[in-house]
Visitor: 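Here it is, the structure in full.
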Amino acid sequence: MDPLDVDARWADAALAIELLAIDPWLAGGVVFKAWPGPVRDQVCAWVTATVSGPVLRLPLHITDDRLLGGLALTQTLQRGEVVLEKGLLGQADGGVLLVPMAERLPTNLTALLAAALDQGQLTIERDGVGGLFPCRVGVVALDEGLEDEATPVALSERLAMHVDLREVTPRSEPSRQPDATRVVAARARLAKVEVADALVEVLCQAALALGVPSVRSPLLAVAIARAHAALEGRVAVEEDDVAVAARLVLGPRATRLPESAPAPDDAANDSPPPPDDERDGADDDGGPGDEGPDVSTAEVVLAAARSAIPPDVLELLTVGRAQRTGPRSTGKVGAARASTLGGRPAGNRAGVPQPGERLNVVETLRAAAPWQRLRRTDASSRRVEVRKDDLRVKRFVQRTESVVIFCVDASGSSALQRLAEAKGAVEQVLGDCYVRRDHVALVAFRGSLATLVLPPTRSLARARKCLAELAGGGGTPMAAGIDAATGLALEARRRGRSPLVVMMTDGRANVGRPGSHGLSPQEEALRSARLLRAQQVRALFLDTSPRPRPQARALALEMGARYLPLPHLDARVVSSQVQGLTEAK
Amino acid sequence: MALFPFSAIVGQDELKLALEIAVVDPSVGGVLVFGDRGTGKSTAVRALAGLLPRMRVVTGCPYHCDPSSDPMACPWCQTATGPRVSSEVSVPVVDLPLGATEDRVVGALDLEAALTRGERTFSPGLLARANRGFLYIDEVNLLPDHVVDLLLDVAASGENVVEREGISVRHPARFVLIGSGNPEEGELRPQLLDRFGLCLEVKTPQDLAMRVEVVKRRTSFDRDPAAFLGRWAQSEAATTTRLSEARGRLREVNVADAAIVRAATLCQALGTDGLRGELTLMRAARAAAALAGDTEVTDAHLKQVATLALRHRLRRNPLDEVGSTVRVERALAEAFAA
């Protein structure tokens with residue numbers, strides 16, 4: 001990265017922290033994309049030094065009762081009366097929660113943080129106590145996600161500023177430090193800062209031009225523009241403030257390039273222009289200039305936002321996946337954790353906890369409570385007398401979620417005549433998976449590589465969309481396809497789900513992996529198939545060729561898969577086979 | 001915390017209509033709101049609290065019983081001594097917070113009373129607090145399935161039966177269930193969809209002027225909630241009046257046989273399961289007529305509410321490319337062309 005750019009990134013990080021520190025709740029927070037290391041440590045140190053309220057770290061394995069608060073067990077038992085205690089969210093009131101590894105944040109924590117950010121207060125109704133805490137917190141999400149992972153959208157969309165520090169070299173010196181005294185002065189001034197309607201309009205227009213769908217984003221941009229004006233000692237928002245807001249808030253959220261934007265040089269050379277339908281969308285929304293308030297301001301703002309558009313937007317557009325708004329995070333960590341606890345809670349039962357079981361303290365207390373007067377030998381004692389009969393154990397329903405991974409041959413040999421039928425079968429299975437609450441994923445291979453078309457999801461809407469966009473043609477890189485499916489299956493298993501691979505191909509491989517050692521594509525495919533079997537992943541092989549072939553059968557055998565020749569792919573048969581395999585655990 | 005005024009919400013007419021119908025006739029059976037992020041779903045539902053007409057309750061009763069109701073139906077009124085005194089309170093809009101545990105939802109043994117005094121008393125839960133009002137669940141699709149089942153069951157029967165820890169209580173729990181969520185976070189079990197009376201999908205406004213107005217109003221509300229509420233007080237009051245007038249008019253709205261035939265034809269054309277579709281459609285149409293100040297349910301009212309009442313009751317073909325909204329609209333065009 002250019003040293004000048006590095007300086008600019010450091011400056012943006014410092015500025016974002018100042019803007020956050022003025023009123024963390026109003027700004028929502030900051031997403032820092034950064035690798036673990038000195039750069040991230042520096043940012044964390046700045047947050048702690050600049051924010052005037054508490055700065056608390058949120059561990060990903062935190063339980064609901066520690067995050068939300070609830071019954072204070074020790075005090076309750078000591079005093080013999082119900083004592084409510086604050087959780088981490090309540091303790092962080094007026095300050096900031098630091099969320100490391102935000103890309104792994106489970107859905108339930110995401111939803112709780114989102115609720116706190118929306119309401120600035122927290123209602124709890126748990127374990128026999130209820131209460132209301134003020135909870136004006138900001139969230140600093142430290143996102144170290146690789147290309148495929150990101151902070152859950154439900155959280156990141158509520159955090160105003162997004163700063164990418166991944167390319168800042170660890171040894172570079174920060175170009176400037178956040179200035180805490182400036183923040184204090186700005187805080188006093190913030191309430192007086194006015195913003196002209198025309199400038200609000202500029203921000204809304206820029207958001208539309210950049211393809212930022214949520215109305216929350218321009219709203220946050222206005223808040224940041226006001227905070228910046230306060231920081232600069234002004235009581236009215238000016239063009240400069242709006243430009244900063246566009247750079248920190250709108251640019252990083254862009255899903256398309258604004259009309260007048262010159263394509264970034266490096267990307268333009270090897271990527272075709274965005275597809276037409278994306279362009280059409282931009283036209284309808286009226287670029288700057290229709291009856292825009294001030295064309296020059298609008299241009300300045302767009303230019304500022306452009307500098308912060310993620311470099312992969314153009315690439316994503318060409319792949320047709322710009323709207324990657326789906327929650328790759330759906331229950332990621334949550335699923336793994338639920339499985340270690342043994343499934344979802346399902347009430348309690350009386351009895352002494354066996355190894356691996358957990359005592360439900362509140363229910364145990366409830367069981368003991370009515371007997372206290374009888375049991376206390378000393379009337380003045382406040383101790384709670386608990387007997388063995390009172391013990392209550394949490395019950396869980398063991399239910400491993402299934403992931404059905406479709407590995408579809410979209411090559412010329414197979415696809416051109418069969419792809420439509422394959423799609424039909426996949427759709428049928430999808431519909432059934434949906435009813436059974438299974439997750440589905442889709443890998444397609446054609447040309448020279450296999451692509452993950454649909455990461456594991458339960459969202460039918462996304463599955464349908466991905467499937468409709470699936471194109472056919474090209475060679476058959478069978479080995480790559482099987483490898484991709486194996487990788488996905490292992491990943492699913494690590495997350496506590498049980499995978500099932502459904503191969504749909506005619507079994508004829510003709511494209512090898514790069515760097516193959518004199519093996520034919522077919523031999524390579526067989527090797528990949530053996531690897532899949534070695535991992536003991538359940539598999540179903542659907543031969544889609546018009547007449548069943550020995551290659552396909554051989555491949556299925558190596559895979560340890562159930563082989564089904566389907567001269568006329570019948571969606572219902574496929575579906576019942578999948579169901580049979582997912583239920584046979 | 002101050003709530004954003006209902007009448008200041010820009011656009012989202014269908015959402016507002018659905019909520020108003022639920023206020024006018026709670027028997028339509030709940031509203032389910034699905035939609036994109038940041039569309040003001042929860043803002044609109046929470047804003048309801050600000051404009052609901054007030055109601056008379058038995059003073060002291062934790063279930064806010066109607067003074068004219070049968071005292072034997074309520075465990076508190078049953079045991080209360082002396083004459084029933086009534087007072088006026090605002091209709092409850094209870095927010096079911098995420099992470100709520102089952103004992104707080106249905107009610108449970110009062111821990112404190114038991115620990116300190118050794119008494120076995122019932123501490124009413126959120127369902128008791130929501131009686132005769134609204135129960136709102138944000139992110140309904142993230143709620144554990146067994147809690148959703150329980151809520152729908154109570155909402156349908158109007159009574160909460162608690163049998164736990166040696167406590168046996170049944171109390172009235174009539175409330176309008178409002179759920180909202182984002183389908184991308186995981187879908188609601190299809191079996192639960194048609195347990196909600198009305199269902200709608202909200203979209204982010206793509207119109208610049210509308211978005212500018214949203215941002216302006218919200219910014220000015222955030223800066224000074226009190227002043228903003230003051231500016232909108234009159235229009236909020238007008239909405240409240242309109243709602244309570246519509247509620248009073250509801251009984252006078254006449255449903256002609258012709259309208260019932262229309263509704264049945266429409267449901268038949270769409271192949272909705274069971275009779276819940278027709279019933280909800282008629283009730284919603286009646287409420288829409290009352291809101292419009294009419295005394296007769298006409299085709300216009302049926303058209304206005306048909307998608308709301310039927311869109312989630314179609315035979316499930318989860319992969320149908322055509323959205324169910326479009327299917328309802330097509331059937332509407334056919335049914336009313338004849």
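The analysis underlying the following values was restricted to heavy atoms, covering all of them including side chains, and did not include hydrogens, waters or symmetry mates. Naming convention: chains lettered A, B, ... in sequence-line order (proteins, then strands); numbering from 1 in each chain.
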Visitor: Please state whether the side chain, the backbone, both or neither of A:Arg226 comes within less than 4.5 Å of a heavy atom of chain B.
Guide: side chain
Visitor: Given salt bridge (charged side-chain N to carboxylate O under 4.0 Å, His left out), test A:Arg126 with B:Glu102 step by step and report yes or no.
Guide: CA-CA 8 Å; A:Arg126 302 180 51 78; B:Glu102 198 180 305; over 6 Å; no
Visitor: Look up atom CG in A:Leu68 and atom CG in B:Leu98, then write down how far apart they are to the nearest 0.5 Å.
Guide: 8.5 Å
Visitor: Side chain from CB out, backbone as N, CA, C, O: work out which of these in A:Ala191 comes under 4.5 Å of a heavy atom of chain B, or both, or neither.
Guide: backbone
Visitor: Taking the side chain from B:Arg223 and the backbone from A:Val193, do they hold a donor-acceptor pair closer than 3.5 Å?
Guide: yes
Visitor: Measure the shortest side-chain to side-chain distance between B:Gln206 and A:Leu208 over non-hydrogen atoms and say whether it is less than 4.5 angstrom.
Guide: yes
Visitor: By a 4.5 Å heavy-atom criterion (distance strictly below it), what part of A:Leu71 contacts chain B: side chain, backbone, both, or neither?
Guide: side chain
Visitor: A:Leu219 versus chain B, heavy atoms under 4.5 Å apart: side chain, backbone, both or neither?
Guide: both
Visitor: Would you give the length of the straight line joining atom OG1 of B:Thr39 to atom CZ of A:Arg216, rounded to the nearest 0.5 angstrom?
Guide: 8.0 Å
Visitor: Looking at every heavy atom in both A:Thr123 and B:Pro97, which two are closest together, and how far apart are they?
Guide: O-CB, 3.3 Å
Visitor: What part of A:Val212 gets closer than 4.5 Å to chain B, counting heavy atoms only: side chain, backbone, both or neither?
Guide: backbone
Visitor: Side chain, backbone, both or neither: which part of B:Asp138 has a heavy atom under 4.5 Å from chain A?
Guide: neither
Visitor: Return the option, out of B:Val214, B:Leu126, B:Asp222, with the maximum number of heavy-atom pairs under 4.5 Å with chain A.
Guide: B:Leu126
Visitor: Looking at A:Ala221, A:Ser214, A:Ala111, which has the largest count of heavy-atom pairs under 4.5 Å with chain B?
Guide: A:Ser214
Visitor: For A:Glu125 and B:Arg129, what are the C-alpha separation, side-chain angles and deciding distance, and is it a salt bridge (charged side-chain N to carboxylate O under 4.0 Å, His left out)?
Guide: CA-CA 12 Å; A:Glu125 292 291 348; B:Arg129 223 185 294 161; 3.0 Å; yes
Visitor: Do A:Val215 and B:Thr204 come within less than 4.5 Å of each other through their side chains, counting heavy atoms only?
Guide: yes
Visitor: Report which part of B:Leu96 has an atom under 4.5 Å of a heavy atom belonging to chain A: side chain, backbone, both, or neither.
Guide: neither
Visitor: Which atom pair, heavy atoms only, marks the closest approach of B:Arg211 to A:Pro213?
Guide: NH1-O, 3.1 Å
